[in-house]
Amino acid sequence: MAIIPHTALWAAIVLLFSTLCTAKTVTYDFNVTWVTANPDGLMERKVIGVNNQWPLPVIEVEKGDQLVVNMHNGLGDKNASIHFHGMYQNGTNEMDGPIMVTQCPIPPGADFVYNFTVNQNGTYWYHCHADYCYPDGYRQALIVHDTESYFYDQYEEEFTVTVSDWYHELVEGIAPDFLSVYNPTGAEPIPQAFLFNDTLNTNLVVKPNTTYLIRLINIGAFVAQYFYIEDHTFTIVEIDGIYTEPTEADTLYIAIAQRYAILLTTKNTTDKNYPIVTVADSALLDTIPSDLRLNLTNWLEYNADADHPQAVMTVDDATDLVPYDDFTLTPYDKMPLLPEPDYTLELSVNMEILGNGEGYALLNNISYTAAKVPTIFSVMSSGSLATNELVYGEFTHPIVLEHNDVVQVILNNNDGGSHPFHLHGHAFQVIDRTPSYGASFYSYVDGDPVPYNASNHTAFPAYPARRDTFVLPPQGHFVIRFVADNPGVWMFHCHIDWHLSQGLGMLFIEAPTQMQERLNIPQNHYDVCKTGGIPSEGNAAANTMDYLDLKGQNTQVGWLPGGFTARGVVALVFSCVSAVIGIAFLVVYGLSDLKFKGREEEGMGEGGKVGGKGVGKATVMEASRENSGEEVK
Ligand SMILES: *[C@@H]1O[C@H](CO)[C@@H](O)[C@H](O)[C@H]1NC(C)=O
Ligand SMILES: *[C@@H]1O[C@H](CO)[C@@H](O)[C@H](O)[C@H]1NC(C)=O
Ligand SMILES: *[C@@H]1O[C@H](CO)[C@@H](O)[C@H](O)[C@H]1NC(C)=O
Ligand SMILES: *[C@@H]1O[C@H](CO)[C@@H](O)[C@H](O)[C@H]1NC(C)=O
Ligand SMILES: *[C@@H]1O[C@H](CO)[C@@H](O)[C@H](O)[C@H]1NC(C)=O
Ligand SMILES: *[C@@H]1O[C@H](CO)[C@@H](O)[C@H](O)[C@H]1NC(C)=O
Ligand SMILES: *[C@@H]1O[C@H](CO)[C@@H](O)[C@H](O)[C@H]1NC(C)=O
Ligand SMILES: *[C@@H]1O[C@H](CO)[C@@H](O)[C@H](O)[C@H]1NC(C)=O
Ligand SMILES: *[C@@H]1O[C@H](CO)[C@@H](O)[C@H](O)[C@H]1NC(C)=O
Ligand SMILES: *[C@@H]1O[C@H](CO)[C@@H](O)[C@H](O)[C@H]1NC(C)=O
Ligand SMILES: *[C@@H]1O[C@H](CO)[C@@H](O)[C@H](O)[C@H]1NC(C)=O
Ligand SMILES: *[C@@H]1O[C@H](CO)[C@@H](O)[C@H](O)[C@H]1NC(C)=O
Ligand SMILES: [Cu+2]
C-alpha cells in the first residue's frame with residue numbers, strides 16, 4: 001500500500017490557519033453500520049463500519065481544534081459509544097464515552113454528538129466503549145498534529161500504523177464460551193490472526209537517507225506485540241501523547257492501547273527492502289494453535305523491484321527479545337516527580353471463580369459491575385451527597401478524589417498474567433515497577449507475587465515517564481502518581497477487553513463538587529438515555545428519593561459457598577467434562593498444588609496447556625468467604 005505524504009498538506013493547512021489565527025472545528029459524520037471485511041485473507045466477516053467503510057477513518061486534528069463527531073448508531077442490534085482514548089476531556093467529562101460511566105449506551109437508531117476541544121498533541125485512538133464492541137472493528141487511530149513539536153523539523157513524512165489481534169467471530173458470539181463454567185480458568189479466547197494496519201503484506205514506501213515519523217498504535221483487544229525493523233534502529237519521541245527525550249531503540253513492546261511515535265532515518269542505499277516485524281506476545285496465550293501465525297512481515301520498501309524477504313528469526317522466541325523499557329523514558333518537558341501524595345490507594349488484582357462457577361477479575365475483591373444510572377448522572381443529581389462514595393454503589397468500586405490532590409495508586413498483581421492498565425482523563429507518572437526489567441519480563445515466572453513495600457523500594461525517578469496505559473507485570477506491581485486536576489468520573493481499568501468484561505476496572509469520582517459547578521451536559525445525552533430506557537438521575541440503584549439507600553443496586557456474583565474452593569470447582573468442572581476433554585485434566589488438577597508451574601507445564605498435552613496458566617491465575621487466593629445472600633445476583 002502506498003503512503004500519502006501528509007506533511008505538505010499539513011504545512012499548507014497550518015499556514016492557512018496560523019494566518020487566520022483561529023482554532024478550527026473539525027467535524028466527522030459517522031453513520032455506524034455493519035459491513036463485511038476480510039483483512040486477514042482467511043475469512044470474510046461482519047465488522048462495524050463507518051459510512052459503509054472499514055477500516056474506519058483516521059481522525060486527524062490539530063492542537064486547539066474543536067472536534068465534533070456526529071454519530072448515528074445504524075447497527076440495528078447493538079448499543080455503541082465512542083471513547084477518544086487518551087483525550088483528557090478537561091471540562092467535558094460527558095464526552096469520554098464509556099457507557100454507564102459518562103453516558104448512556106447509544107441504542108440502535110439513535111444519534112449522539114461528541115464535541116470537545118483537543119488540547120494536547122500526539123498519537124491517540126478512538127474506540128467503542130460499550131460491552132463487547134470495539135474488537136468487532138470499531139477502533140481506529142486519532143492523530144493530533146503538532147507543527148511545534150521539538151522534532152517537527154526533523155522528519156519529512158509521517159506514517160500511521162496500527163497493530164491488532166483479530167477474531168473471526170463476533171465478540172458477543174465468543175463471550176458466552178469465555179464467561180462460562182466450562183472455562184473456570186478464565187483462559188482468554190485465542191485470536192485467529194494478527195493485523196498490521198488492518199491488513200497484511202504492507203509496504204511503507206521510503207526514500208533513502210530520509211527521516212520519517214512513524215506512529216504505532218495497538219488497537220487490539222488482547223495481545224501485546226513486539227515491533228522491530230530488521231537492521232534499523234530508531235528514536236522514540238513520544239509515548240501515549242507525551243513527548244519524550246529522543247531515545248534510541250531497536251525493539252518495542254506495544255501493549256493493548258499503547259502508542260509510540262518514532263523517528264526512523266532510512267539507509268543511503270536502495271538495493272534492499274527490510275522486514276518490519278511484529279510478533280504477538282505468546283506469553284499471553286494459553287494455547288497456541290498450530291495454524292496461528294504469531295509474526296507478520298511487512299516491509300520498509302526502498303525499491304519496489306527488489307526482493308521482499310520474510311523476516312528471519314533472531315531469537316528462539318519473541319519473549320527472549322528485550323524491548324526498550326518505557327519505564328526509563330524521560331518526558332521532554334521534564335515534569336518532575338510529583339510530591340508526596342495527599343491520597344494513596346493500594347489495589348490488588350486477583351482472578352477468581354465466583355459463586356456461579358465462572359471466572360472473574362477483581363480489584364480488592366470487587367469485580368466492576370456497572371450501576372443502574374451512568375455514574376456521571378449520579379454525581380450531577382446527588383447535590384451535596386456527591387462527595388459520599390455510598391451514592392455510587394459498592395460494585396462500581398468508586399473512589400472519590402478531592403480536587404487537586406496528588407494521588408498515588410499502588411497496583412499489586414496476584415495474577416500470573418500481565419495487564420495493561422489505562423486511566424481515563426489523565427496521563428500518570430510511573431514511579432515504581434517490579435520485577436526488574438529484562439528478557440521474558442512480560443512472562444510468568446515461578447514464585448510468589450511481590451507486592452509493593454513502601455519501606456523498601458528503589459528510588460523514584462526524578463523525571464518519571466508519563467503515559468496513559470502501563471503494563472502491570474505478572475505477579476509484580478507498579479506505582480503511579482497523578483494530580484486530580486480534571487473534575488470527572490474516570491475509569492481505571494485493564495485494557496484487555498476480556499478482562500474488563502470480567503470486571504477488572506473501577507471508577508475515580510474526581511472532584512464531584514467541581515463537576516457539578518462546571519459540567520454542562522447537552523440535552524442530547526439525556527435524550528439518548530430516555531430512548532434506551534435508562535434513568536439519568538439517582539444513585540447507583542436509581543433511587544432518587546434517598547441517595548444513600550442502595551437497595552436494588554447491581555451486584556457482582558457472590559462468593560463461592562464456604563467449603564467450596566476455587567480448586568474444587570475446577571476439579572468438579574473438569575471431571576464432569578473429562579469424557580470430552582480427556583483424562584489429562586484429572587491428572588493435572590488432581591495432583592498439582594494448583595500453582596502455575598510456568599514454562600514446564602506449557603510443554604504438556606493439550607489439557608495441560610489449557611489449564612496450566614489459568615489455574616494458577618484463578619487460585620492465587622482460595623475463595624472461602626461465606627456466601628451472603630445479598631451479594632448474589
Ligand atoms: C446509514 O447507512 C445506512 C446503510 O448505508 C443507510 O441505510 C442509512 O440511511 C444511513 N443513515 C444515516 C442517518 O445516514
Ligand atoms: C442496550 O443496553 C440496554 C441497557 O443496558 C439493554 O437493556 C439493551 O438490551 C441493549 N440493547 C441491545 C440492542 O443490546
Ligand atoms: C460544540 O461545543 C461548542 C462549545 O461548547 C459549542 O459552541 C458548539 O456549538 C458545539 N457544537 C455542536 C455541533 O454541538
Ligand atoms: C503540545 O505541543 C506544544 C508544542 O510542542 C507544547 O507547547 C504543548 O505543551 C503541548 N501540549 C500538551 C498538552 O502536551
Ligand atoms: C493505515 O491505515 C489508515 C486507514 O486505512 C491509512 O489512513 C494509513 O495511511 C495507513 N498507513 C499506512 C502506513 O499505510
Ligand atoms: C543524507 O542526508 C543528509 C542530510 O539531509 C546529507 O547531509 C547527506 O549528504 C546525505 N547523504 C547521502 C549519502 O545522500
Ligand atoms: C550514508 O552515506 C555516507 C556517505 O557515503 C556514509 O558516510 C554514511 O555512513 C551512510 N549512512 C548510512 C546510514 O548508511
Ligand atoms: C514466524 O513464524 C513462522 C511460522 O509461524 C516461523 O517459521 C518463523 O521463524 C517466524 N519468524 C519470526 C521472525 O518470528
Ligand atoms: C479479599 O478477600 C479475602 C478473603 O476474604 C481477604 O483475605 C482479603 O483481605 C480481601 N482483600 C481486600 C483488599 O479487601
Ligand atoms: C527489598 O526489596 C528487594 C527488591 O525487591 C528484595 O530483594 C529484598 O529482599 C527486600 N528486602 C526486604 C527486607 O524486604
Ligand atoms: C518491607 O521492607 C522493610 C524494610 O526493608 C522490611 O523490614 C519489611 O519486612 C518488609 N515488609 C514486607 C511485608 O516484606
Ligand atoms: C484541566 O484544566 C485545568 C485548568 O482549567 C488545569 O489546571 C488542569 O491541569 C487540566 N487538567 C488536565 C488533566 O488536563
Ligand atoms: Cu488484564
Side-chain angles (χ1 to χ4, degrees), residues 14 18 23 32 34 48 61-65 73-81 86-90 98-101 103-110 112 116-124 128-133 136 143-154 170-173 175 213 237-244 259 261 331-335 369-374 412 425-427 432-437 445 447-459 466-468 473 475-479 485-486 501 528-536 542 554:
V14 165
S18 55
V32 181
W34 292 111
I48 297 175
V61 293
E62 278 181 281
K63 192 190 174 206
D65 285 351
N73 181 355
L75 292 170
D77 56 358
K78 198 176 175 68
N79 292 319
S81 77
M87 291 285 125
Y88 301 144
Q89 300 289 6
N90 199 341
I99 64 158
M100 301 314 287
V101 179
Q103 66 167 85
C104 289
I106 307 169
F112 196 92
F116 59 94
T117 309
V118 177
N119 252 325
Q120 50 201 117
N121 313 306
T123 310
Y124 301 88
C128 188
H129 215 301
D131 303 336
Y132 303 120
C133 185
D136 287 331
I143 308 299
V144 188
H145 294 279
D146 178 14
T147 55
E148 284 159 11
S149 72
Y150 77 87
F151 49 83
Y152 183 70
D153 58 4
Q154 293 174 31
L170 291 172
V171 223
E172 255 168 20
L213 179 72
V237 291
E238 180 218 313
I239 48 171
D240 297 358
I242 307 294
Y243 298 150
T244 63
R259 291 89 67 205
Y332 189 72
D333 62 13
K334 289 249 173 87
M335 178 180 161
T369 309
K372 288 188 166 167
V373 175
N412 295 317
H426 294 273
D432 196 17
R433 194 248 350 241
T434 286
S436 55
Y437 201 73
V445 179
D448 292 327
V450 183
Y452 177 68
N453 180 348
S455 44
N456 179 27
H457 64 76
T458 45
R466 287 203 314 285
R467 62 187 318 170
D468 62 42
Q475 304 214 96
H477 60 256
F478 73 50
V479 182
D485 58 4
N486 188 8
S501 72
V528 159
C529 296
K530 208 166 173 201
T531 310
I534 295 170
S536 53
N554 292 335

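Whatever order the structure lists them in is the order used to number ligands and atoms, beginning at 1. All values derive from a computational prediction rather than experimental measurement.
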At their closest point, which heavy atom of Y150 faces which heavy atom of T244, and how far apart are they? OH-O, 2.5 Å
Any side-chain heavy-atom pair from H129 and S81 closer than 4.5 angstrom? yes
Ligand 4 and D146, any nitrogen or oxygen pair closer than 3.5 angstrom? yes
Which atoms of ligand 4 sit under 4.0 Å from any heavy atom of N119? 13 (C)
Heavy atoms, side chains only, cut-off 4.5 Å: are D146 and Y243 in contact? yes
For N456 and ligand 10, does the shortest N/O to N/O distance drop below 3.5 Å? yes
Run the numbers for me: atoms of ligand 4, each under 4.0 Å from some heavy atom of S149, listed by number. 5 (O)
Does an N or O anywhere in E148 fall below 3.5 Å from an N or O of ligand 4? yes
Residues in contact with ligand 2, criterion: heavy atom under 4.0 Å: D77, K78, N79, P105, I534
Which atoms of ligand 4 are found less than 4.0 Å from any heavy atom of Q120? 13 (C)
Tell me every residue that passes ring-ring contact (aromatic ring centres under 6.0 Å, His included) with H477, counting only those two or more places apart in sequence or in another chain. Y452
Is the closest side-chain heavy-atom distance between N79 and P108 below 4.5 Å? yes
Taking only heavy atoms of K63, which atoms of ligand 4 are found under 4.0 Å from at least one of them? 1 (C), 8 (C), 11 (N)
Taking 4.0 Å as the limit for heavy-atom contacts, which would you say applies to D333 with ligand 4: side chain only, backbone only, both, or neither? neither
For D240, what residues pass the salt bridge (charged side-chain N to carboxylate O under 4.0 Å, His left out) criterion, not counting sequence neighbours? R259, R467
By salt bridge (charged side-chain N to carboxylate O under 4.0 Å, His left out) - contacts of D333 (at least two apart): R466
Here's a test for you: under side chain to side chain contact (heavy atoms under 4.5 Å, CB included), which of N73, D131, I106, D136 qualifies with K78? D136
Would you indicate whether the side-chain heavy atoms of Y124 and I143 approach each other to under 4.5 Å? no
Side chain proximity check, P107 to V528, heavy atoms < 4.5 angstrom: yes
